[in-house]
Colleague: 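There's a structure below that I have some questions on.
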Amino acid sequence: MQETHTIVVPDVSAEVRQQLLDYVLQLADTSLILAHRLSEWCGHGPILEQDLAMANISLDLLGEARSYYQYAAELEGRGRTEDDLAYLRSAVEYRNPLLVEQPNGDFAHTIVRQFLYDAFHYHLLLQLQAGPDQQLAAIAEKSVKEAAYHVKWSAEWIIRLGDGTNESRRRVEAAINALWRYSGELTTPSATEQALQQAGFVPDYAAIQGQIDEHVARVFAEATLPVPQGVFMQKGGKTGRHSEHLGYLLAELQYLQRTYPGLTW
């Protein structure tokens, strides 16, 4: 049974409403895909406590994704549900950044991917909760409390791995070298984001980039890890150009609804 909430849709032009829909779907897709990646660790974590921590973070992100999909369904106004938007769209229709769809790899890869996203996610939610869109602000106000824990957890692991053993440092450095190239897309606005920034619905990423950089630099310094410089940044996920990994992920995530359309229980 789906929960029912009063969703406030802003009184805006059709063009801005479509832009908001596209942006909210981007937020939803991002949370859902990262939640699924983390869920793949369930039962495989290095220790039980961290297995449970990743499962809990996954559930937090899934709950956030549901709120965004419910809002997107209202913005779209075509009778589709949150399940339709999550399970019945193809990879090219997904708008998540490339970072979150990257495979888990080893524990260090998962931690680096999580921290790079958490540092952005936390500072984004701080801005969205003060924005003019009441629904986005409400979702952000709830989610930022969870995001504060997420970034604290992933930062602590960056420090432990970087300033730990030779092996843990080797692995976290390899993960940074592999994943840093995807971090720039998080704060590189798409055409939709640029339009919404001008309309005041989305925060200026340049304004929060300094906060993110300072946060990352502080954690890396404590971990005795260098911050990569001059790395070419990959992008494309926000416009539907994804890596091959997303297709395989969705094949698993969407299997039940694709095999038994409309299945209820």
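The shown structure was predicted, so the numbers you read here are calculated from the model rather than taken from an experiment.
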Colleague: Would you please test R89 and D29 for side-chain contact (heavy atoms from CB on, under 4.5 Å) and show each step?
Modeller: CA-CA 10 Å; R89 290 159 60 232; D29 293 344; 2.9 Å; yes

Colleague: I158, V227: one ILVMFWY side-chain cluster at the under-4.5 Å cut-off?
Modeller: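 I158 and V227: one cluster.
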
Colleague: Search all heavy atoms of H215 against all heavy atoms of V151 and return the closest pair with its distance.
Modeller: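 That closest heavy-atom pairing would be CE1-CG2, 3.7 Å.
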
Colleague: Give me the atom names and distance for the closest heavy-atom approach of S31 to A65.
Modeller: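 Looks like CB-CB, 3.8 Å.
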
Colleague: Side-chain heavy atoms nearer than 4.5 Å, only ILVMFWY residues, links allowed to pass through others: does that put M233 and L116 together?
Modeller: yes

Colleague: From E40 CD over to S58 OG, what is the distance, rounded to the nearest 0.5 angstrom?
Modeller: 9.5 Å

Colleague: Please answer: with hydrophobic residues joined when any side-chain heavy atoms are less than 4.5 Å apart, are L52 and L61 in the same cluster?
Modeller: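 Different clusters.
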
Colleague: Within a strict 4.5 Å, meaning less than it, do heavy atoms of the F120 and Y117 side chains meet?
Modeller: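 Counting from C-beta outward, F120 and Y117 do come under 4.5 Å.
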
Colleague: Got a donor-acceptor contact below 3.5 angstrom from the R78 side chain to the L75 backbone?
Modeller: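 Side chain of R78 to backbone of L75, a donor-acceptor pair under 3.5 Å: no, none is there.
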
Colleague: Got more than 12 heavy atoms from elsewhere within 6.0 Å of CD, Q194?
Modeller: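 Atom CD in Q194 is packed in, count exceeds 12.
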
Colleague: In terms of hydrophobic clusters joined by side-chain contacts under 4.5 Å, are V231 and F115 together?
Modeller: yes

Colleague: What's the spacing between D213 CG and T187 OG1 if we round to 0.5 Å?
Modeller: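 One gets 7.5 Å once the value is rounded to the nearest 0.5 Å.
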
Colleague: Using modelled atom types only, decide if a donor and an acceptor are shared between the side chain of R181 and the backbone of N177 within a distance under 3.5 Å.
Modeller: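 Side chain of R181 to backbone of N177: a pair is present.
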
Colleague: May I ask you to check whether over 12 heavy atoms, not counting those of E214, lie within 6.0 Å of atom CD?
Modeller: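 Result for CD/E214: open.
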
Colleague: Could you go through Y182 and R113, starting from their C-alpha distance and side-chain angles, then the distance that decides it, and tell me whether this counts as side-chain contact (heavy atoms from CB on, under 4.5 Å)?
Modeller: CA-CA 9 Å; Y182 301 110; R113 184 190 63 201; over 6 Å; no

Colleague: For N96, does its backbone N or O pair with a side-chain atom of Q26 as donor and acceptor, under 3.5 Å?
Modeller: no

Colleague: What is the distance from atom CG of N56 to atom CG of D51, rounded to the nearest 0.5 Å?
Modeller: 10.0 Å

Colleague: Nearest 0.5 Å, what's the CD-CG distance between Q70 and D83?
Modeller: 9.5 Å

Colleague: Compute whether any side-chain donor of one residue and acceptor of the other, for Y23 and D133, lie under 3.5 angstrom apart.
Modeller: no

Colleague: What are the two closest non-hydrogen atoms of A140 and L128, and how far apart are they?
Modeller: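 Looking at all heavy atoms of both residues, the shortest contact is CB-CB, 3.8 Å.
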
Colleague: Is there a donor-acceptor pair closer than 3.5 Å between any side-chain N or O of K238 and the backbone N or O of L186?
Modeller: yes

Colleague: Could you report the tightest heavy-atom contact between Q114 and S154, atom names first, then the distance?
Modeller: CG-CB, 4.1 Å

Colleague: Quick check: does any side chain N or O of Q102 sit under 3.5 Å from a backbone N or O of L98, one acting as donor and the other as acceptor?
Modeller: yes

Colleague: Whether the side chain of R37 engages the backbone of E101 through a donor-acceptor N/O pair (distance < 3.5 Å, no angle test) should be reported.
Modeller: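 Yes, the answer is positive, given that a donor and an acceptor are paired below the 3.5 Å cut-off.
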
Colleague: Just to verify, which of H123, Q127, E193 counts as forming a side-chain hydrogen bond (donor to acceptor under 3.5 Å, both in side chains) with Y205?
Modeller: E193

Colleague: Any heavy-atom pair between the side chains of F201 and P132 that's under 4.5 Å?
Modeller: yes

Colleague: Would you please name every residue forming a salt bridge (charged side-chain N to carboxylate O under 4.0 Å, His left out) with R160, sequence neighbours left out?
Modeller: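 Partners of R160 by the salt bridge (charged side-chain N to carboxylate O under 4.0 Å, His left out) criterion come out as none, since no residue qualifies.
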
Colleague: Which atom names give the shortest non-hydrogen contact between G105 and W41, and what distance separates them?
Modeller: O-CZ2, 4.0 Å

Colleague: Tell me whether the centres of the aromatic rings in W157 and F107 are closer together than 6.0 Å.
Modeller: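 For W157 and F107, the ring centres are under 6.0 Å apart.
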
Colleague: Just do the side-chain contact (heavy atoms from CB on, under 4.5 Å) check on T81 and Y69 with the steps written out, would you?
Modeller: CA-CA 8 Å; T81 68; Y69 281 129; over 6 Å; no

Colleague: Using distance alone, with no hydrogens and no angle criterion, decide if E93 and S90 have a side-chain donor and acceptor under 3.5 Å apart.
Modeller: yes

Colleague: Any side-chain donor-acceptor pair under 3.5 Å between D118 and H121?
Modeller: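 On atom types as modelled, these side chains do not qualify, holding no pair under 3.5 Å.
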
Colleague: Could you tell me which non-hydrogen atom of L85 sits nearest to which non-hydrogen atom of A73, and how far apart they are?
Modeller: CD1-N, 3.8 Å

Colleague: If you count every heavy atom of other residues, nucleotides or ligands that lies below 6.0 Å from E167 atom CD, does the total exceed 12?
Modeller: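 Yes - once you tally the heavy atoms of other residues, nucleotides and ligands closer than 6.0 Å, there are more than 12.
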
Colleague: Do L126 and I208 pass the side-chain contact (heavy atoms from CB on, under 4.5 Å) test, and can you show the C-alpha distance, the side-chain angles, and the key distance before you say yes or no?
Modeller: CA-CA 10 Å; L126 286 176; I208 63 174; over 6 Å; no

Colleague: Is the side chain of D22 donor-acceptor paired with the backbone N or O of Q19 at a distance under 3.5 Å, no angle test?
Modeller: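 Not a single qualifying donor-acceptor pair exists.
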
Colleague: Check whether any side-chain N or O of E185 sits under 3.5 Å from a backbone N or O of L99 as a donor-acceptor pair, and report yes or no.
Modeller: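 Pair absent, no side-chain N/O of E185 close to backbone of L99.
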
Colleague: Charged N to carboxylate O under 4.0 angstrom, K152 versus E156?
Modeller: yes

Colleague: With rounding to the nearest 0.5 angstrom, report the CG to CG distance, L249 to L253.
Modeller: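 Nearest 0.5 Å value for the CG-CG distance: 6.0 Å.
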
Colleague: Should I111 and V172 count as side-chain neighbours, where that means a heavy-atom distance under 4.5 Å?
Modeller: no

Colleague: Rounded to the nearest 0.5 Å, how far apart are NZ of K145 and NE2 of H150?
Modeller: 13.0 Å

Colleague: Quick one: does any side-chain atom of Y94 pair with a main-chain N or O of A86 as donor and acceptor, under 3.5 Å?
Modeller: yes

Colleague: Quick one: do V9 and L25 end up in the same hydrophobic cluster if we chain Ile, Leu, Val, Met, Phe, Trp and Tyr together by side-chain heavy atoms under 4.5 Å apart?
Modeller: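 Both belong to a single hydrophobic cluster.
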
Colleague: Between R171 and S168, is there a side-chain heavy-atom distance shorter than 4.5 Å?
Modeller: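 They are not in contact (no side-chain heavy atoms under 4.5 Å apart), so the answer is no.
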
